[in-house]
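Report on one structure; see the data block that follows.
If you're wondering where the values come from, they're calculated on a predicted model, not measured in any experiment. Each chain gets a letter, A, B and so on, in the order the sequences are listed, and its residues count up from 1. Worth knowing before you read on, the calculation uses all heavy atoms, side chains too, and leaves out hydrogens, waters and symmetry mates.
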Amino acid sequence: MTTRTRFAPSPTGYMHIGNLRTALYEYLIAKSAGGKFLLRIEDTDQKRLVEGATDIIYNTLNMVGMHWDEGPDIGGEYGPYVQSERKDIYAPYAHKLVELGGAHYCFCAEREKEVDEDGNEIICKFDDPCKHLSIEEARARIAKGEPYTIRQTINQTGKSHYEDKVYGIIEIDYDELDEGVLLKTDGFPTYNFANVIDDHLMGITHVVRGSEYLPSTPKYNLIYDTFGWQRPIYVHLPPVMKDAQHKLSKRNGDASFQDLLAKGYLPEAIINYIALLGWNPGTEEEIFSLAELEKIFSVERLNKSPAIFDIVKLTWMNGVYLRNLSEEDFYKKALPYMDNLPDGINKQALARVLQPRIETLAQIPEQIDFINELPDYSLELYINKKMKTDIDVAQKVMPLIINTLSEQVSWDNDSLFTALKTLAENNNLKNGQILYPARIALSGKETTPGGATELAVVLGKSETLSRLQRAVSKLA
RNA sequence: GGUCCCAUCGUCUAAUGGUUAGGACAUCACCCUUUCACGGUGGUAAUAUGGGUUCGAAUCCCGUUGGGAUCACCA
């Protein structure tokens, strides 16, 4: 049987990291087995729908390269793939389940609590009086137009068992299971029900979802069993945590995929990082493309304890991806962050010095702020013990640098560096005594991406000489 | 609170009864060096706790502690 998994998000907002990781594992489970990965939109809760949320789901999945084989936009054998468009499918199954004894009609008011004549609280989900109504009686009330729901009936006692691929054998007492609503008053199914029906109808072989469903899974199994359907293989995933106490949540502005993109993280790095949040390849390698993950992924190496999302390690990994980019690719990605630069700036050279120095693209602006305008720096910057420079040295050396550089014909780093090195030798100075003051004069900053000659290449000859000239006046 | 689940360096994790408990991020030191990075070398750092079982336990069992989840006409 070919493996089929589905990503079944509800379109209620942006895509957060935990969601994306679930989708990734679903995708990898399918692809590593040569199976199919489907996308199904679960929008049965009409109240919570968020405009544009479905597009975010499409865009995110496409951007990271997790292409689905069947889904709302591309169709497939088992469509439609949006639950609101499947509304008519569920009710017949619910009524059928009543006939089979797996559910019953319930006429209790919403909030599942009512008070009977004697003032006792009736709790439908554990002891529903409607459960004892005969099917004929219930149908008669429905015929009269009385609003109703269909609730799951749980008559079993003792222990329920099932096997989860990650957590092993899970044993739950039937007494613990509540008789939840399957079909709401408005005729829509609840998640519990729609999920089971769709997973069955769509031939899903592996149900992959968060570990919060671990205790309620026996209820799903009961439905499968009552219909005589084969239960799926369960793969429950531990949560992704923000810290030791809190799950990563949509609220609180916790990392969403969109936020990370905006902060200059690469989709490839994000995917690589979250793949390793709860799974490991069993080797000491940790840089993987999605295509590589598809080959080596295995459910057996999935972890069962929660993992804390560590932005610091993701940042490191993003840096690795940035550095592994070809010079041209890095340049293309960096370009949008190097806008508003004056004419004459050598952006290619700038990109070259930036590449090993940043870990996210968003760090570029702060690195290059001195290019637009030379900051009003303090003369103290010229003092550096290790370089054996101070204001006097700078004063003495600056005109020599100007002379040397104004004679330069080829304006590339090697030529410039050789020229200044020679200048130092001829004057019996240390390299640093020439290069350090030059760098300060060009940048006005203590630390810069690249040394004096690299900055000179970036700035171009005329701007370089102009800045050096300004340093002479400043030092005078 | 009932039930379910989890527990190795600060973080992500490896080690499926026998290892000096390994790697990565972070951190510290040194090297490289035209500042800063990159790169290189090395260091600090973990089996929550108490009992068993066993020749031998991070690994198996029980308790304790800590944490998470779940108990909706939300998914």
Side-chain angles (χ1 to χ4, degrees), chain A residues 8-10 12 42-45 47-48 106 108-112 124-126 147-151 164 167-168 170-173 175-178 180-186 188-192 194-195 209-217 236 238-239 241 243-247 273 276-287 300-301 303-317 319 323 353-359 367 381 384 386-387 413 416-417 420-421 424 430-440 443 445-455:
Chain A
S10 59
T12 56
E42 303 212 335
D43 57 350
T44 54
D45 185 3
K47 282 167 286 189
R48 297 207 315 168
C106 175
C108 298
E110 196 171 333
R111 294 228 163 273
E112 90 275 338
C124 296
K125 66 181 183 182
F126 284 121
Y148 69 98
T149 60
I150 294 182
R151 271 183 193 279
D164 179 83
Y167 289 92
I170 304 293
E171 184 184 88
I172 307 236
D173 205 302
D175 292 345
E176 289 297 323
L177 305 178
D178 54 305
V181 170
L182 267 21
L183 200 72
K184 306 183 229 179
T185 314
D186 64 6
F188 272 90
T190 59
Y191 163 83
N192 298 312
N195 206 258
R209 51 165 48 149
S211 63
E212 66 268 25
Y213 294 101
L214 234 26
S216 56
T217 295
H236 285 95
M241 309 291 283
D243 55 48
Q245 275 77 33
H246 306 96
K247 208 170 144 176
Y273 175 70
L276 264 26
L277 254 194
W279 176 86
N280 75 82
T283 66
E284 288 181 351
E285 240 182 296
E286 44 185 7
I287 301 298
E300 287 69 34
R301 300 202 67 90
N303 238 302
K304 50 183 159 189
S305 45
I308 297 174
F309 179 81
D310 183 12
I311 188 92
V312 175
K313 182 147 186 179
L314 168 61
T315 304
W316 163 78
M317 193 172 276
R323 273 173 254 130
V353 299
L354 250 17
Q355 190 166 6
R357 271 169 255 259
I358 57 166
E359 290 186 308
Q367 288 271 342
L381 279 186
N384 185 299
K386 198 180 155 206
M387 293 294 120
N413 190 55
L416 260 33
F417 187 65
L420 291 182
K421 212 176 139 187
K430 311 256 305 175
N431 289 347
Q433 290 175 299
I434 296 286
L435 294 162
Y436 193 89
R439 191 176 61 81
I440 298 301
S443 66
K445 288 179 79 177
E446 189 170 9
T447 67
T448 54
T453 58
E454 286 162 313
L455 295 188

- Message: One thing to verify: whether A/Glu286 and A/Lys313 come together as a salt bridge, which I'm taking to mean a side-chain N less than 4.0 angstrom from a carboxylate O.
- Response: yes

Starting at atom [atom1] of [X], determine the distance to atom [atom2] of [N], rounded to an integer number of angstrom.
| X | N | atom1 | atom2 | answer |
| --- | --- | --- | --- | --- |
| A/Glu284 | B/G23 | CD | C1' | 4 Å |
| A/Asp243 | B/U11 | CG | P | 11 Å |
| A/Gln433 | B/U35 | CD | P | 13 Å |
| A/Lys445 | B/A37 | NZ | P | 13 Å |
| A/Asp310 | B/U11 | CG | C1' | 5 Å |
| A/Ile287 | B/C12 | CD1 | P | 18 Å |
| A/Phe417 | B/U33 | CZ | P | 10 Å |
| A/Asp43 | B/C74 | CG | P | 13 Å |

Tell me which nucleotide among [options] gets nearest to the side chain of [X].
| X | options | answer |
| --- | --- | --- |
| A/Leu435 | B/C73, B/A75, B/U34 | B/U34 |
| A/Arg357 | B/U35, B/G67, B/C73 | B/U35 |
| A/Val312 | B/C25, B/A75, B/C36 | B/C25 |
| A/Pro239 | B/U11, B/U35, B/G68 | B/G68 |
| A/Thr44 | B/A75, B/G68, B/U35 | B/A75 |

- Item | A/Tyr167 (side chain) donor-acceptor with A/Lys304 (main chain) under 3.5 angstrom | yes

So what does [X] hit on the nucleic acid, given a heavy-atom distance under 4.0 Å: a base, only sugar-phosphate, or nothing?
| X | answer |
| --- | --- |
| A/Gln355 | nothing |
| A/Lys386 | base |
| A/Glu446 | base |
| A/Tyr273 | nothing |
| A/Met387 | sugar-phosphate |
| A/Gly210 | nothing |
| A/Thr283 | nothing |

Using the [atom1] atom as the point on both nucleotides, what is the distance between [M] and [N], in whole Å?
| N | M | atom1 | result |
| --- | --- | --- | --- |
| B/U11 | B/U65 | C1' | 22 Å |
| B/A26 | B/U19 | P | 31 Å |
| B/A37 | B/U16 | P | 39 Å |
| B/A7 | B/A45 | P | 25 Å |
| B/U20 | B/G68 | P | 37 Å |
| B/U27 | B/U70 | C1' | 39 Å |
| B/U47 | B/A15 | C1' | 11 Å |
| B/C28 | B/U44 | P | 16 Å |

- Item | A/Ser305 OG to A/Met241 CE distance, which is reported to the nearest 0.5 Å | 11.0 Å

- Just how far is it from atom OG1 of A/Thr44 to atom CZ of A/Phe188, taken to the nearest 0.5 Å? 7.5 Å

Quick check on [N]: is either OP1 or OP2 less than 4.0 Å from any side-chain nitrogen or oxygen of [X]?
| X | N | result |
| --- | --- | --- |
| A/Asn280 | B/A14 | yes |
| A/Lys184 | B/A72 | no |
| A/Arg301 | B/A15 | yes |

Taking all atoms of both residues into account, what is the closest heavy-atom pair of [X] and [Y], and its distance?
| X | Y | answer |
| --- | --- | --- |
| A/Ala424 | A/Ile434 | CB-CG1, 3.8 Å |
| A/Lys184 | A/Pro189 | CE-O, 3.4 Å |
| A/Ile308 | A/Ala244 | CD1-N, 3.7 Å |
| A/Ala452 | A/Leu435 | CB-O, 3.4 Å |

Between [N] and [X], counting only base atoms on the nucleotide and side-chain atoms on the residue, is there a donor-acceptor pair under 3.5 Å?
| X | N | answer |
| --- | --- | --- |
| A/Thr453 | B/U34 | yes |
| A/Tyr213 | B/A75 | yes |
| A/Arg323 | B/C38 | no |
| A/Arg439 | B/U35 | yes |
| A/Lys313 | B/A24 | yes |

Report the base-pairing partner of [N] (Watson-Crick or G-U wobble, both distances below 3.5 angstrom), or none.
| N | value |
| --- | --- |
| B/C9 | none |
| B/A69 | B/U3 |
| B/U27 | B/G43 |

- Query: If you find the nucleotide of RNA chain B closest to A/Leu183 and the one closest to A/Ala244, which residue's nucleotide is nearer the 5' end?
  - Reply: A/Ala244

- Note on the structure: On RNA chain B, more 5' by nearest nucleotide between A/Glu212 and A/Pro356 is A/Pro356

- Item | A/Val312 and A/Trp316, any side-chain heavy atoms less than 4.5 Å apart | no

Could you pull out the protein-nucleic contacts involving nucleotides 2-8 of chain B (nitrogen or oxygen on both sides, under 3.5 Å)?
| unit_1 | atom_1 | unit_2 | atom_2 | d |
| --- | --- | --- | --- | --- |
| B/G2 | O2' | A/Glu176 | OE2 | 3.4 |

- For atom NZ of A/Lys421, decide whether the heavy atoms of other residues, nucleotides or ligands shown that lie under 6.0 angstrom number more than 12. no

- Stacked pair A/Phe188-B/C73, distance under 5.5 Å, angle under 30°: no

